[in-house]
Asks: 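Sharing a structure here in structure tokens format.
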Amino acid sequence: MFAVPVTAETTVGEIRQKVQEWKPEYSLEQIELVCKDKDAWGPLFNKTSRPRDDDETVESLWSDWDIPRRMMQVALWIKEKNEETGVGVHFLEDARRIQVRCYDLGYFPEPWILEELRSWTLEDMDCGSIQSSVVDWPELQQLAVKFNGAWALVCNSDCGATNTQEVNIAETLWQRALKASSRRGFGEVPSSEGSPWLLGTSAWPVAGLLAKWSLNCTRRSSLQQQVRGTRCSVSSLNEFNAALHVAGDKTLALLLPGSGGAALIFDGRIDYFAMAAIPAVWQLYKAFPQVRSFGRGSSRSPPTCAAEVATKEVLLLFLRLLGPTTPPDKDPLHPSRMSSLAKTLAAAGLQRMFQTAWPALAMLAATGLTTWRSHGLYPAAQVQVSDVTAVVSAAADLSQSSGAPDILEAVAAQRSLQRSLWQKTSSFGSITPEVSQIWRQIASWLLEAPEDIPQVVFMTMFFGNLGNNTWVSRFLDRALVVGLPRLIFASPDPDYLHDCTQVSRIWQNRGDAYQRLLCFRSFSKVVRPYDVNNYAKFVLLPLLLSLGVSYAWLDIDIFIAQNPTARLLQLAETADVLTTDHFDESCLNHGVIFVKASDRTLRWVLSYIRWMHVYPFGHDQNGWDAFLGHSIQFEPFVPTGHDISLRVLDTGKEFLTLTGWAGDDADLPAALLLHLTRTTPIGVREKRTQFFELLDATLPSLGSSVEEHRRDLKVLQRALSTLRVEQPSPKRSCYEGVHVAVEQAVHDGSYWHLFD
């Protein structure tokens, strides 16, 4: 992007002169500016687009709208001579457009990033007071109040043997929970007409409560008497349903609320149920092929079998949540399929589901145990979008005179602007509305450093236990030894934060000119396995980008051989985002991240955080890959159209893992770090042993002399010598978080045929 201040009388020739000053490698004769005729839209947009004459003015090309625009755009074409034919040819260089900003129109509309930030909401999906775009919580809450607390009336009722008030309330709640709102907002994922996948999650665990009730009801003789004569007319569907009852009674029933504890990470009972259910659904397909289309759109199932068909569709949804993506026309998570499933469940009726389709309710309840995150992770985060909006608005005011089309790029490029923004953010009352304390703390910390250090902040985090309580302090010390300019360590654990504080003090006592290490306590409840990690890893990312600072992430199980800052900044000159993949697999692994500060990347990051909030079943690395348009296709609810460029870091010779090293001794100086992970399983003991062997051999170094640097590379060389192998090309595809139950089906390809 390049901005040129103009008036109504400015000519195209004068603009060309400015462009040539910006691109001195081209002569004025090579530069042409292309745009459409005034007010040309639709078919005329392309038809009238042409190189403009030098005497044409801005006024002759500018649309006379009631609300004037502050910028018009023209495309830059470079004219070059073909060496063989001598004929001049045109090409659009890097799809580059010049944004020409008009200062004399007397109207400056709000920058697009602020318009979008002000419309950005992250609904409280744990039944808050605001209306969600996915489920109308207030209406459901009013119904739930009638249940006298935590569903006591329902759980103690007579299970529908008579038409009680409690059953009517439950039926109404079931119908309303399957009917979703259709609101849309900035960055919002598309919501389905119904939301059965939500019913077992922390957002609204209605399925688990109803399944628990239903399980109790199916064992009562009064209910058996009531359901005579309502048996499904298709025997193969009855056999399928019976098989799921048997499997679910031994597995899923033990996971329902009040039935005992459930593991945070993959619970084996989920996989045992799926292993029994997969043969049952294949047997159903074989005996009754037309059942594949029942419950999908216009395909009508036998009227007595609605609950059994709903069970089949819920099973496909359940199996899909255990495995990789499928094409949209087959995906049970596609909005159209979600809508059909919601209608099928609603048509079956809750009492009928209680009577014969308990496995469907149990599977919906168990979906909550396949989530990586809880819904309550981000709405109450320490960094709120209202604060982001306030800081970006302040940045827009500071950078207005620069004429730059991208506010945060302008702030990042001009140190004076950047420091003015930090000063304003750090001062209480300087920004309205007032930002939270964490913004002031980080802005003050940024101001401590001299202006000439690289404008990137590294981050890492840790919680839990890897078998050695010095891991955090040893990693942080090594990071400062190699010379990282700024580093934030995040953890919810006060002991690890104490270790961080001690390392920071040691380095200040060693004579650091400024505090390079900041210790940040991240607050998040541990409900699902990745809550702490996904929160700490991304909660400060919008904050740093909003302050015009690039963000880098290093997992704490990385041995940092050399300071990677200069190399990351060099690579980021041609990309918005840098990240690693695997040595032998193509999907991205965000153990190493670099995100360049800009309006575009801020919007993209907030959209990604929203996706993690709304779709807790998605592994964060699969979503990261899909949001960058890299190798994973069809990840549910990932929006398209982000103007973000990616560069994948070299895992063969620079950003290494234990899977392999594709270099030789001559490539050793290029090796920046060794991530102690690989694509085959690695135990904690092996990881710990490798980590401390490397640190023990290098820790005394202060990274200041050539000899110390050579010694560190020798230590790394010993570790890499056993890893030397040719890097495969092409790399095999991969997908994170596939359950054991479907691994074989994924390997032999039958998994995808389940959804035909």
Side-chain angles (χ1 to χ4, degrees), residues 456-504 506-507 516-522 524 526 529-541 544 551-565 568 578-580 582 588-595 620-621 624 649 651 655-659 672-678 682-699 716 719 736:
V456 55
V457 171
F458 285 82
M459 274 199 71
T460 192
M461 66 83 57
F462 188 68
F463 75 106
N465 186 359
L466 286 174
N468 189 311
N469 58 13
T470 67
W471 190 298
V472 167
S473 57
R474 299 286 296 275
F475 174 90
L476 296 177
D477 191 76
R478 178 64 190 176
L480 298 182
V481 162
V482 300
L484 295 192
R486 291 188 179 103
L487 174 63
I488 296 177
F489 170 72
S491 179
D493 190 320
D495 291 334
Y496 290 130
L497 291 169
H498 174 75
D499 294 343
C500 174
T501 302
Q502 290 296 102
V503 172
S504 181
I506 288 171
W507 277 89
R516 284 193 286 156
L517 176 59
L518 182 68
C519 311
F520 165 66
R521 185 168 187 180
S522 59
S524 61
V526 183
Y530 277 26
D531 277 357
V532 174
N533 175 280
N534 286 181
Y535 180 85
K537 197 165 196 172
F538 299 109
V539 67
L540 294 184
L541 177 48
L544 292 169
Y551 163 98
W553 177 273
L554 298 175
D555 277 357
I556 207 163
D557 60 344
I558 288 174
F559 170 71
I560 310 173
Q562 304 181 74
N563 186 351
T565 305
L568 290 172
L578 312 173
T579 192
T580 47
H582 300 270
L588 297 180
N589 172 9
H590 55 33
V592 181
I593 293 172
F594 184 97
V595 182
D620 55 306
Q621 294 199 150
W624 185 261
L649 299 173
T651 51
F655 299 86
L656 310 175
T657 71
L658 293 177
T659 306
L672 297 170
L673 54 83
L674 178 61
H675 194 170
L676 302 175
T677 186
R678 59 176 177 242
I682 180 171
V684 171
R685 178 179 294 181
E686 180 184 352
K687 182 177 294 211
R688 184 172 63 241
T689 300
Q690 292 247 20
F691 185 70
F692 284 102
E693 283 180 354
L694 288 165
L695 285 181
D696 288 342
T698 57
L699 191 59
L716 182 64
E736 293 291 339

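These values consider heavy atoms only, across backbone and side chains, with no hydrogens, waters or symmetry-generated copies.
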Asks: Nearest 0.5 Å, please: how far is CG in L544 from CZ in R486?
Replies: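 Atom-to-atom, R486:CZ and L544:CG are 10.0 Å apart.
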Asks: I'd like to know if the side chain of Y496 reaches the main chain of G464, judged simply by a donor and an acceptor atom lying under 3.5 Å from each other, with no hydrogens or angles considered.
Replies: yes
Asks: Do K537 and Y535 make a side-chain contact, defined as non-hydrogen atoms from C-beta onward lying under 4.5 Å apart?
Replies: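 Sidechains of Y535 and K537: no contact.
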Asks: Relative to each other, are the rings of F462 and W471 parallel, tilted or perpendicular (30° and 60° limits)?
Replies: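 Ring orientation, 0 to 90° scale: parallel.
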Asks: For a quick check under 3.5 Å, do S491 and D493 share a side-chain donor-acceptor pair by atom type?
Replies: no
Asks: Under the 3.5 angstrom rule, does the side chain of T565 hit a backbone N or O of L484 as a donor-acceptor pair?
Replies: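 Not a single qualifying donor-acceptor pair exists.
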Asks: Test H675 against every option in T580, D557, T657 by the side-chain hydrogen bond (donor to acceptor under 3.5 Å, both in side chains) rule and name the one that passes.
Replies: D557
Asks: Report yes if some heavy atom in the side chain of N563 is under 4.5 Å from a heavy atom in the side chain of L672; otherwise report no.
Replies: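 N563 vs L672: side chains apart.
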Asks: Would you name the heavy atoms of I558 and F691 that are closest together and state the gap between them?
Replies: O-CE1, 3.7 Å
Asks: Are V456 and L568 packed together at the side-chain level, in the sense that at least one heavy-atom pair is separated by less than 4.5 angstrom?
Replies: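 V456 does not reach L568 side chain to side chain.
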Asks: Check whether any side-chain heavy atom of N589 lies under 4.5 Å from a side-chain heavy atom of Q621, and answer yes or no.
Replies: yes
Asks: Do the side chains of E686 and R678 get close enough for a salt bridge, i.e. N-O under 4.0 angstrom?
Replies: yes
Asks: How close do V482 and A561 get, heavy atom to heavy atom, and via which atoms?
Replies: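 Smallest heavy-atom distance, with atoms named: CG1-O, 4.0 Å.
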Asks: Which pair of heavy atoms, one from F520 and one from V539, lies closest together, and at what distance?
Replies: CE2-CG1, 4.0 Å
Asks: Compare all side-chain heavy atoms of L673 with those of Q562 and state whether any distance is below 4.5 angstrom.
Replies: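 The answer is no, as the side chains (C-beta and beyond) never meet within the 4.5 Å cut-off.
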Asks: Keeping the roles fixed (side chain from T460, backbone from I488), state whether a donor-acceptor pair exists under 3.5 Å.
Replies: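 No; judged by distance alone, with no hydrogens or angles, the pair does not exist.
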Asks: Check whether any side-chain N or O of R478 sits under 3.5 Å from a backbone N or O of I560 as a donor-acceptor pair, and report yes or no.
Replies: yes
Asks: Take H590 and D620, measure what side chain to side chain donor-acceptor pair (under 3.5 Å) needs, and give me the verdict at the end.
Replies: CA-CA 9 Å; H590 55 33; D620 55 306; 2.8 Å; yes
Asks: Is a salt bridge present between D499 and R474, judged by a nitrogen-to-oxygen distance below 4.0 Å?
Replies: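 Between R474 and D499 there is no salt bridge, as every charged N stays at least 4.0 Å from the carboxylate O atoms.
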Asks: Look only at the side chain of R516 and the backbone of L480, and say whether a donor-acceptor pair between them is shorter than 3.5 Å.
Replies: yes
Asks: Look up atom NZ in K687 and atom CG in L658, then write down how far apart they are to the nearest 0.5 Å.
Replies: 8.0 Å
Asks: Just so I know, are the side chains of F458 and F594 near enough to count as touching, which here means a heavy-atom distance under 4.5 Å?
Replies: no
Asks: Do the side-chain N and O atoms of W507 and D477 include a donor-acceptor pair separated by under 3.5 angstrom?
Replies: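 Side-chain D/A pair, W507 to D477: present.
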Asks: Supply the atom-to-atom distance F475 CZ to C500 SG, rounded to the nearest 0.5 angstrom.
Replies: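 The CZ atom of F475 sits 11.0 Å away from the SG atom of C500.
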Asks: Contact between H582 and T677 at the side-chain level, heavy atoms closer than 4.5 Å - yes or no?
Replies: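 Not touching, per the 4.5 Å side-chain cut-off.
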Asks: Are side-chain heavy atoms of V503 and F489 found at a separation under 4.5 Å?
Replies: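 Heavy-atom side-chain distance check fails, nothing below 4.5 Å.
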Asks: Return the minimal non-hydrogen interatomic distance between R521 and L497, and the atom names on each side.
Replies: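 In this case the closest contact between R521 and L497 is CB-CD1, 3.4 Å.
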Asks: Measuring from atom CZ of F538 to atom OH of Y551, what distance do you get when rounded to the nearest 0.5 angstrom?
Replies: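 The CZ atom of F538 sits 6.0 Å away from the OH atom of Y551.
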